[in-house]
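Ligands are counted one by one from 1 in listed order, and the atoms in each one are counted from 1 as well.
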Amino acid sequence: MEKAEVVAVLERIGEMLEILGENKFKCLAYQNAARMLAAAPQSLGELVESGQLGRMKGIGAALEEKITTLARTGKLPYYDELAARVPSGLLEMLAIPGFGPKKAKAVWEELGVTTIGELEYACRENRLVHLPGFGEKTQDKVLAGIEFLRRHAGRVLYPVAEKVAGEVFPLIEKHKACLRAAVAGSLRRRRETVADIDIVAATGDAKALMAHVAGLSLAREVLGHGDTKTSIRTESGMQIDVRAVSDREYPFALHHFTGSKEHNVLMRTRAKAQGLKMSEYGLFRGDKLILCADEPEIFEVLGLAYIPPELREGLDEIELAETGDLPELIEEKDIRGVFHVHSEYSDGRGTLEELAHAGAAAGYEYLGVADHSKSAAYARGLSPERVRQQQAELARVNAKKLGCTLLSGIESDILADGSLDLILIRWRCLISSASVHSRFNLSEAEQTKRIIAAVQTRFAPCWGIRPDGCYSRARLIRSTWTRCCRRAGGRVVVEINAHPQRLDLDWSWARARAWGLGGDQS
Ligand code: DGT
Ligand code: CA
């Protein structure tokens, strides 16, 4: 093993010991040894073989032995032992600027957070504010640090990419050589995360349009520049691929580069079965192009209803389009209200009146206030007494008729045995949800049993458990999940937050039919 690698291992051991709450001097010993080793002018081999290592300041017999083992074998059982005890996500967190082992230990112990995604979510839920040694400023810094990391880690969340596309796309579309253009790829399919932005443009002068793209002032870097494709990187770090095609090819190119790859394969297979050939250049019968003015015409030629990009994931969309059974997508205007918001009573930021105003401004008819219940002490969960106070205030706010009705609810903790923290009906909550916020470390079987018990509780009509999620740790497999829903007999509403970093219920699970369940259980 090289010296730099050994230094890294020693540093990591120091960090792991600190996360595990080991004696401060022991942690420091590893960090010092790493520093000493890095600063020594000799090579690692020289230090080890000459015996100089043991004479270095701060390197005692135990450390000398470990470094020697590492240098000779490239392995260290002690390191593996520690690594097995510390969740790897906690170590990844140390890459967040300003986030050290002490903080990692705190979020792990106090909040059960073990991945960067969970940490981000905890910040957004305002949970770091109340941790000893943290505060609002630290929480904001952690969030900014996570965003920084993510920008450099390949994929970004949908809204981030959407914003970048919103800046770049108009500059391309309005160029005089551009006949029509659209954003394609995962962004058009509205995937939760996006790797790069794909834009397809129809033009009669590809050269001019591509030169325009390469010359855009917001291009920090031109990654590739040709007559049909130009790739740039913006200041934000996002890559944008722009493809220039003829107007005749445009619908086919748009369809192809919208993807997904899996959907494209299914479409090609279908075309083939009809004696046609499909590619990004067109739909062909023999050598003859079948003209299509736009994407809907392509689907029409293949005997399919128009499949919205959001459904083009290579699941069952082709069959559904064939029989006219595609689900209708929910649009923002369809949303009449939100059932689960927190107020300043627990870990939210707004007063009840502020919430009512915000709800009205968003055009919502109702807003379900469902603060944490008392067991969620870290979030200042509500005692029955506080629930009553809140209900009284809520009635006063509603009497002002601000345009959005507040509904009384509670997010009740699911206790270790699966029972609920508050028997909701007693407090006349109209809406309620039940979530796991503690005892994350139960075994998978115990956790699953707990959740099934909670789902069967009569008083929790809305289920706020993340079946696949980091909080529940239940990692329910689909069959268990199905069983839960069946047992609940359609009485339970499942909350789909679908925040990708939180490992919430995946959107595809919501479509029960796709995996062989009848509509009733969906
Ligand atoms: P991303 O960029 O990882 O967020 O996801 P996409 O879906 O935007 O993937 P990308 O940018 O690699 O490619 C854009 C589309 O181009 C993709 O959704 C489908 C199409 N495509 C790319 N490579 C292939 C391929 O090898 N076969 C087929 N059939 N289509 C492809
Ligand atoms: Ca893409």
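Using modelled atom types and a 3.5 Å distance limit, the side chains of Glu110 and His130 yield no donor-acceptor pair. Between the side chains of Glu317 and His263, a donor-acceptor pair is found at a separation under 3.5 Å. In this structure, a donor-acceptor pair under 3.5 Å is present between the side chains of Arg188 and Thr258.
Residues Glu147 and Arg124 are paired through a salt bridge, judged by an N-O separation under 4.0 Å between the basic side chain and the carboxylate. Electrostatic pairing of Glu322 and Arg270 counts as a salt bridge here, judged by a charged N lying under 4.0 Å from a carboxylate O.
Between atom 21 (N) of ligand 1 and the options Gln239, His255, His256, Glu262, the minimum heavy-atom separation is to His256. The option with the heavy atom closest to atom 7 (O) of ligand 1, from among Lys261, Arg188, Arg189, is Arg189.
Contacts between Thr258 and ligand 1, counted as non-hydrogen atom pairs separated by less than 4.0 Å, involve the backbone only. Residue Arg191 does not touch ligand 1, judged by heavy-atom distances below 4.0 Å.
Within a 4.0 Å radius of atom 13 (O) of ligand 1, the protein has no heavy atom. Put simply, atom 26 (O) of ligand 1 has protein non-hydrogen atoms near it, under 4.0 Å away.
Ring planes of Phe299 and Tyr306: perpendicular class, angle over 60° (limits at 30 and 60°).
Among the atoms of Ser260, none of the N or O lies under 3.5 angstrom from an N or O of ligand 1. Not one N or O of Gly185 is nearer than 3.5 Å to an N or O of ligand 1, by distance alone.
In Tyr281, the OH atom is not crowded: 12 or fewer heavy atoms of neighbouring residues, nucleotides or ligands sit closer than 6.0 Å.
In this structure, Leu187 has no heavy atom closer than 4.0 Å to ligand 1.
Vertex the Ca ion (ligand 2); arms to Asp196 OD1 and Asp198 OD2; angle rounded to 10 degrees, 100°.
Geometric assessment of Arg243 against the ring of Phe257 yields a positive cation-pi assignment under the 6.0 Å and 45° thresholds.
Ranking protein heavy atoms by distance to atom 29 (N) of ligand 1, first place goes to Asn264 CB, 3.5 Å.
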